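Keep in mind that what you see is a predicted model, and the values were worked out from it rather than measured. The first residue in the sequence is number 1, and the count goes up from there.
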Amino acid sequence: MTKLDDQSEPRKTITPWYDSEAVCLVMIILMFFVFMFGYIGLALARETTIYQGHSWVPILLMSASGIIIVAITIRLTKRYIIRRFP
């Protein structure tokens, strides 16, 4: 009996669509807009005395979007280094 598929060379890894470079770049751009939205909200919350107690909301938005931007950037950088220098 013979083997049907004898592949001795390594296969290219298949990246899911939600982790592709295009989707990651779109996510970075969207998270940048969320970060800027939070920054504007923080500036307005600090100017208005009524909303100063709610400044944690824009800070949370800025923190979450910043963490996501950094994580996706690290993921893309690692992927680029692995592909460029095998």
Side-chain angles (χ1 to χ4, degrees):
M1 206 174 197
T2 62
K3 292 182 181 179
L4 294 175
D5 191 15
D6 184 23
Q7 295 194 1
S8 59
E9 54 189 64
R11 294 183 179 189
K12 179 181 174 186
T13 57
I14 299 173
T15 307
W17 67 269
Y18 53 84
D19 197 26
S20 66
E21 290 182 18
V23 173
C24 287
L25 292 175
V26 168
M27 283 294 294
I28 288 174
I29 292 169
L30 290 175
M31 288 299 112
F32 176 74
F33 286 126
V34 171
F35 186 86
M36 293 308 295
F37 180 73
Y39 179 75
I40 292 169
L42 183 62
L44 290 174
R46 288 191 178 183
E47 287 179 5
T48 311
T49 56
I50 298 172
Y51 299 121
Q52 285 181 354
H54 300 286
S55 63
W56 64 271
V57 176
I59 291 173
L60 180 69
L61 278 175
M62 291 172 58
S63 301
S65 63
I67 290 169
I68 292 171
I69 288 171
V70 169
I72 292 174
T73 303
I74 290 172
R75 180 183 303 160
L76 287 177
T77 304
K78 283 181 181 179
R79 193 179 298 164
Y80 175 76
I81 289 172
I82 290 172
R83 187 181 311 139
R84 185 78 173 158
F85 308 106

Shared hydrophobic cluster, F32 / M62 (ILVMFWY, side-chain heavy atoms < 4.5 Å): yes
V34: side chain to side chain contact (heavy atoms under 4.5 Å, CB included) partners, not counting sequence neighbours: M31, L61, S65
Partners meeting side chain to side chain contact (heavy atoms under 4.5 Å, CB included) with S63 (sequence neighbours left out): I59
Set of side chain to side chain contact (heavy atoms under 4.5 Å, CB included) partners for I81, sequence neighbours left out: T77, F85
With I82 via side chain to side chain contact (heavy atoms under 4.5 Å, CB included) - residues at least two apart: none
In one Ile/Leu/Val/Met/Phe/Trp/Tyr side-chain cluster, 4.5 Å: I69, F37: yes
Which atom of G41 lies closest to which atom of P58, heavy atoms considered: C-CG, 3.7 Å
Residue pairs passing the salt bridge (Lys or Arg N to Asp or Glu O under 4.0 Å) test where at least one lies in residues 21-50, sequence neighbours excluded: E21-R83
Under 4.5 Å side-chain linkage, directly or through intermediates, the cluster mates of I40: L44
CG-OG distance between L76 and S20, expressed to the nearest 0.5 angstrom: 9.5 Å
Shared-cluster residues of W56, by chain and number - hydrophobic side chains joined below 4.5 Å: V57, L60
Pairs satisfying side chain to side chain donor-acceptor pair (under 3.5 Å), at least one member in residues 22-42, at least two apart: none
Hydrophobic cluster membership, L25 vs I68, 4.5 Å side-chain cutoff: yes
From R75 atom CZ to I28 atom CD1, the distance as rounded to the nearest 0.5 Å: 9.5 Å
